[in-house]
S.K.: 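One structure coming up, written as C-alpha cells, with questions to follow.
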Amino acid sequence: MDKFIVEGGHKLSGNVTISGAKNAALAIIPSVLLAQGTFRFSNIPNIRDIWTLSRLLHSMGIHSELNNDELFVDSTGINSTEAPYEHVKKMRASINVLGPLVARHGHAKVSLPGGCSFGPRPVDLHLKGLEKLGATITLDSGYILAESKRLQGAKFHFDISSVGASENVISAAVLAKGSSLLTNVAVEPEVTALCKLLVKMGAKINGIGTTTLEIEGVDTLHAVDEVNIPDRIEAATFLIIGAMTKSTITVEKTNAYHLTAVIQALEESGAEVDVTGENITISMDKAPEPVNVATAVYPGFPTDVQAQWAAYMMMTQHGNSRVTDNIYKSRFLYVPELHRLGADIEVIDNTAIINSGATLKAATVMSSDLRASASLILAALVAEGKTEILRVYHLDRGYENLEKKLSNLGASVKRIKTEEY
Ligand code: UD1
C-alpha cells in the first residue's frame with residue numbers, strides 16, 4: 001500500500017486539468033450490459049474504481065481496454081451474470097450492474113455490498129424499484145438474486161433521493177415492456193449523464209434532469225460512443241486546494257454549472273472565483289471567513305465535498321464554522337486524523353464544528369475513505385513540515401494522478417511505494 005509524503009507550506013500556481021467523472025463513469029459503463037456491441041467511452045479517468053469495474057466486466061466475459069482516457073468495451077462475449085463479492089467488496093458501485101443484467105439477461109446474481117467505512121449504506125431502494133418492475137428478488141448467502149423473463153413498466157416513487165437506486169431502476173425500466181413513471185428520481189449530473197447515454201442507445205426517456213421520469217420501454221438498445229462529463233468532485237477539491245493554500249489556480253475542462261453550491265460557498269469565504277467557459281480560476285490571498293455548509297442532494301452542497309470543506313475551514317481566524325452532513329450522517333472519520341495534525345474540531349451528531357485558529361503541524365495520518373483522504377491532503381498542504389499519509393489507495397480509487405497534478409501546481413507530494421503494512 002503506497003503512502004504520500006506531503007510537505008506543507010508551498011504556494012501553488014498554474015492550471016490543472018480535471019478528469020472525467022468517476023461516478024458518472026461508474027453509472028454509464030454498466031450500460032454495456034443492456035446492448036450487444038462495442039462501446040467507446042472517452043474522458044474516462046484512469047483510477048482504481050474503473051479498473052475494478054473493468055475486472056468485474058472481464059469476470060462476466062466482457063472485454064474492455066483503457067487507452068489514455070478512452071475505454072473500449074465489447075459486450076458481445078458475456079457469459080456470466082454474476083458480480084462476485086471479490087469485486088463488489090472493493091467498490092459498492094458494482095451494484096450498478098444489477099438493473100441492466102436483470103433487464104436484458106433475465107437474471108443476475110450480485111453480491112450485497114455491505115456497510116462502508118462511513119456507515120450503513122442500504123440498497124433497499126434498488127431492490128424495491130426492481131421488484132416494482134416485476135423482478136423476483138431473493139437474498140441468499142450474501143447475494144442478491146434477481147430474476148425476470150421480461151420486466152414490466154410500473155410506477156415507482158423513491159422514498160429517498162438515491163443516486164445509485166435511480167441509476168439501477170432507470171437502467172432496468174428502459175428495457176421493460178410498457179411505460180414507467182419514476183418519481184423523486186435523483187437529479188445529480190451523473191444520473192442525467194446516464195439518461196442521456198441511454199437515449200443515445202435508443203431508450204425513450206422524458207423529463208431528463210428532473211425528479212420525474214417517464215420511460216417507454218423498448219425491445220432493444222444499441223452500442224454507442226459517449227463522452228463522459230467532468231468530475232465535479234475533483235474540480236471542487238482543487239478549487240478548495242487553491243483557496244486553502246492562498247493561491248491562484250485554474251481548473252480546466254470542468255463544468256461550473258455543476259459546482260454552483262461549492263463556488264458560492266468559496267465566494268462567501270472570501271475567495272475570488274472567475275468562470276470562463278470550461279475554466280474556473282480561484283484566487284485567495286487571506287484567511288477564509290467561516291462559512292457553514294450543509295450537504296443536500298444536487299444541486300445542494302455535495303456530501304463528497306464536505307470533508308474537504310471542513311479542512312478548509314480550519315484556516316479561519318475567528319469564530320467557528322459548521323459542516324453538517326444530511327446524506328451520510330456519520331461521515332466524519334477524517335476528524336480524528338485531522339486532530340493528529342492539530343485541528344480543533346468537535347463532532348456533534350451529524351455536524352462537525354470547526355474552531356478557528358488551529359496551528360497545523362505535520363504528523364502521520366491514515367486515509368479511511370476516498371474523500372476523507374482528500375481532506376488529509378488539503379490539511380497536509382498547509383501543515384508545517386512533512387505529513388505522511390498512509391493507505392493512499394483510497395485516493396487512487398477516485399483521483400487520477402493526484403500527486404502529479406499537485407506537483408505540477410508547485411506542491412511537494414511524493415508517493416512512496418511500500419509493502420510494509
Ligand atoms: C453516490 C455516489 C457517492 C455520493 C452519494 C451521494 C457513486 C458511485 N457514488 O452513492 O459518491 O456520496 O451518491 O451523493 O455514484 N439509501 C437508502 N437506500 C438505498 C440507497 C440509498 O437508504 O437503497 C440512502 C443512503 O444510505 C444515503 C442516501 O440514500 O443516506 C443517498 O445515497 P445514494 O444517493 O444512494 O448514494 P450512492 O448512490 O451509494
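Predicted model, so just to flag it, every value in this text is computed and none were measured.
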S.K.: Can you pull out every salt bridge (Lys or Arg N to Asp or Glu O under 4.0 Å) where at least one residue sits in residues 44-60? Sequence neighbours excluded, please.
M.R.: K22-D49, D49-R397

S.K.: Please name all residues satisfying side-chain contact (heavy atoms from CB on, under 4.5 Å) with A236, sequence neighbours left out, ordered by chain then number.
M.R.: L259, V262, V305

S.K.: According to the salt bridge (Lys or Arg N to Asp or Glu O under 4.0 Å) rule, which pairs have a member within residues 242-268, sequence neighbours left out?
M.R.: none

S.K.: Counting only pairs under 3.5 Å, give me each side-chain donor-acceptor contact of residues 237-245, with atom names and distances, residues two or more places apart or in other chains.
M.R.:
| residue | atom | partner | partner atom | Å |
| --- | --- | --- | --- | --- |
| T237 | OG1 | I233 | O | 2.7 |
| T237 | OG1 | Q308 | NE2 | 3.1 |
| T237 | OG1 | Y399 | OH | 2.8 |
| T245 | OG1 | I241 | O | 2.8 |
| T245 | OG1 | G242 | O | 3.4 |
| T245 | OG1 | S247 | OG | 2.8 |

S.K.: Tell me yes or no: between the side chains of T324 and N326, is some donor less than 3.5 Å from an acceptor?
M.R.: no

S.K.: With sequence neighbours excluded, tell me which residues meet side-chain contact (heavy atoms from CB on, under 4.5 Å) with D325.
M.R.: T295, T303, Q306, I327, Y328, R331, F332

S.K.: Not counting sequence neighbours, which residues clear ring pair (Phe, Tyr, Trp, His ring centres under 6.0 Å) with Y312? List them please.
M.R.: W309

S.K.: For the backbone of H157 and the side chain of N184, can you confirm whether one donor and one acceptor N or O come within less than 3.5 Å of each other?
M.R.: no

S.K.: Using the test side-chain contact (heavy atoms from CB on, under 4.5 Å), find all partners of K286 that sit at least two apart in sequence or belong to another chain.
M.R.: M284

S.K.: What pairs meet the ring pair (Phe, Tyr, Trp, His ring centres under 6.0 Å) rule with one or both residues in residues 41-84, with sequence neighbours excluded?
M.R.: F39-F41

S.K.: Indicate whether any N or O donor in one side chain lies under 3.5 Å from an N or O acceptor in the other, for S412 and H10.
M.R.: no

S.K.: Sorted by first residue and then second, give each salt bridge (Lys or Arg N to Asp or Glu O under 4.0 Å) pair with at least one member in residues 61-88; sequence neighbours left out.
M.R.: R40-E70

S.K.: Return the set of residues passing ring pair (Phe, Tyr, Trp, His ring centres under 6.0 Å) with Y298 (not counting sequence neighbours), or none when no residue passes.
M.R.: none

S.K.: Which distance, rounded to the nearest 0.5 Å, do you find between the CG of D231 and the OG of S19?
M.R.: 7.5 Å

S.K.: Using the ring pair (Phe, Tyr, Trp, His ring centres under 6.0 Å) criterion, which residues pair with Y143? Sequence neighbours excluded.
M.R.: none

S.K.: Which residues pass the side-chain contact (heavy atoms from CB on, under 4.5 Å) test with N23, not counting sequence neighbours?
M.R.: L26, E190, D304

